[in-house]
Colleague: 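Before I ask anything, here is the structure I am working with.
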Amino acid sequence: MIKKAVLPAAGLGTRFLPATKASPKEMLPIVDKPMIQYAVEEAESCGIREFVIITGKNKRSIEDHFDSSVALEENLKQAGKETLLDEINRHRHLAFAYIRQGRPLGLGHAIECAKPFVQNEPFVVSLSDDIIDPDDTLLADMIEIFNTYQSPVVALEEVPESEVHKYGIIKGIHVKSDLYKIESLIEKPAREESPSNLAVIGRYILTPDIFDILEEMPPGRAGEYQLTDALNGLLAKRDIYGLIYRGARYDAGDKFGFLQATINLALKRPDFSDQLKEYIVSTAEKLR
Ligand code: UTP
């Protein structure tokens, strides 16, 4: 049983400046929910109830968001706004812990910070700026693969060759349908040295032996402790699988990806979709 999820949220969000100068990228709203809430609800739908969020400077609002807010609750109660009250209380049954990453030394280092919370259990890592279509079952499918093989699983996406330099890319052996057994990983390769077009995206099921590797590993590319390097280290000890995701994913840490997420997730909302469709069609006509 996987019970815990680690949500690294201590990055600087430089691709989204100036919005992220003093506010966390993970709190930017997609329609009306901060992006980190999508990641929490996705994991919750897989039975996860315990979350550790890796935070850093200027990230206090993440803690406030998942905490109770007595004055606001009182106000909504008195105004008879029960639906909104339920909405802001919907995470009450979940447990949140926060660990500060003193300096943003990379994703590998952020995950290493979660060791005291995770201890000796397998766990999910979700990068909340990678938004997975909330109607898809990627994480549940990955957990099922973990349960079958008792091995770490990473989510993969087929990306155009022109984009491999933005991702960790795998070399792997096809197992069945969308499942690969990973042979090696390379972080942000140049197009000509990329072993495939299968890119690692922001969902992982990891086992606690990754911490031993993270602790001993020197910094890698760009002086950061890269998760890709730790996964290569782990491959020397055990199998790691990759599952190709074919649904919609939005890189909402990027400004254009954020706009796409906003439009597509709003189009799925019954309270907005008709109005938004009309607006998009009329705007497109004006642009012609
Ligand atoms: P990103 O590279 O997408 O986030 O890391 P970033 O560094 O904040 O953004 P840019 O590239 O400067 O725009 C993926 C996730 O890992 C977290 C980030 O908060 C993000 O959720 N992260 C990254 C950490 O928690 N610590 C780090 O040292 C680096």
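For ligands, and for the atoms within them, numbers begin at 1 and follow the listed sequence.
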Colleague: Under 3.5 Å, is there a donor on one side chain and an acceptor on the other for H91 and E44?
Modeller: no
Colleague: For K59 and ligand 1, does the shortest N/O to N/O distance drop below 3.5 Å?
Modeller: no
Colleague: Looking only at protein heavy atoms, which one is nearest to atom 25 (O) of ligand 1, and how far off is it?
Modeller: A10 N, 2.8 Å
Colleague: Can you tell me the protein heavy atom closest to atom 9 (O) of ligand 1 and the distance?
Modeller: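 Result for atom 9 (O) of ligand 1: K25 NZ, 3.2 Å.
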Colleague: For atom 21 (O) of ligand 1, find the nearest protein heavy atom and state the residue, atom name and distance (0.1 Å precision).
Modeller: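 Atom 21 (O) of ligand 1 sits closest to the protein heavy atom P8 O, 2.9 Å.
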Colleague: Compute the shortest N/O to N/O distance between G13 and ligand 1 and return yes if it is under 3.5 Å, no if not.
Modeller: yes
Colleague: Please check atom 5 (O) of ligand 1 for a protein heavy-atom neighbour under 4.0 Å.
Modeller: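 No, there is none.
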Colleague: May I ask you to identify the nearest protein heavy atom to atom 18 (C) of ligand 1, giving residue, atom name and distance to one decimal place in Å?
Modeller: G11 N, 3.6 Å
Colleague: If you measure every N/O of T14 against every N/O of ligand 1, is any gap under 3.5 Å?
Modeller: yes
Colleague: Does D133 come within less than 4.0 Å of K268, counting only side-chain N to carboxylate O?
Modeller: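 Salt bridge between D133 and K268, a charged N being under 4.0 Å from a carboxylate O: yes.
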Colleague: Polar contacts were defined as any N/O atom of the residue lying under 3.5 Å from an N/O atom of the ligand; does this apply to G106 and ligand 1?
Modeller: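 Yes; the residue has a nitrogen or oxygen that sits under 3.5 Å from a nitrogen or oxygen of the ligand.
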Colleague: Please give the remaining members of the hydrophobic cluster of Y250, linking ILVMFWY side chains under 4.5 Å, ordered by chain and number.
Modeller: F16, L28, I30, V31, M35, Y38, I131, F258, L265, F272
Colleague: Output all residues satisfying side-chain contact (heavy atoms from CB on, under 4.5 Å) with R60, sequence neighbours left out; order by chain, then residue number.
Modeller: E63
Colleague: Please say whether F16 places an N or O atom under 3.5 Å from an N or O atom belonging to ligand 1.
Modeller: no
Colleague: If you measure every N/O of L105 against every N/O of ligand 1, is any gap under 3.5 Å?
Modeller: yes
Colleague: Which residue and atom name correspond to the protein heavy atom nearest atom 11 (O) of ligand 1, and how close is it?
Modeller: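 Ranked first by proximity to atom 11 (O) of ligand 1 is R15 NE, 3.2 Å.
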Colleague: Assess whether a salt bridge exists between R90 and E87, defined as any Lys/Arg side-chain N lying under 4.0 Å from an Asp/Glu carboxylate O.
Modeller: yes
Colleague: Give yes or no for whether the N/O distance cutoff of 3.5 Å, strictly under, is met between S128 and ligand 1.
Modeller: no
Colleague: Are the side chain of S196 and the backbone N or O of I170 linked by a donor-acceptor pair below 3.5 Å?
Modeller: yes
Colleague: Looking at E161 and R191, is there a salt bridge between them, counting it only when a charged N and a carboxylate O are closer than 4.0 Å?
Modeller: yes
Colleague: Taking 4.0 angstrom as the limit, do D254 and K166 come out as a salt bridge?
Modeller: no
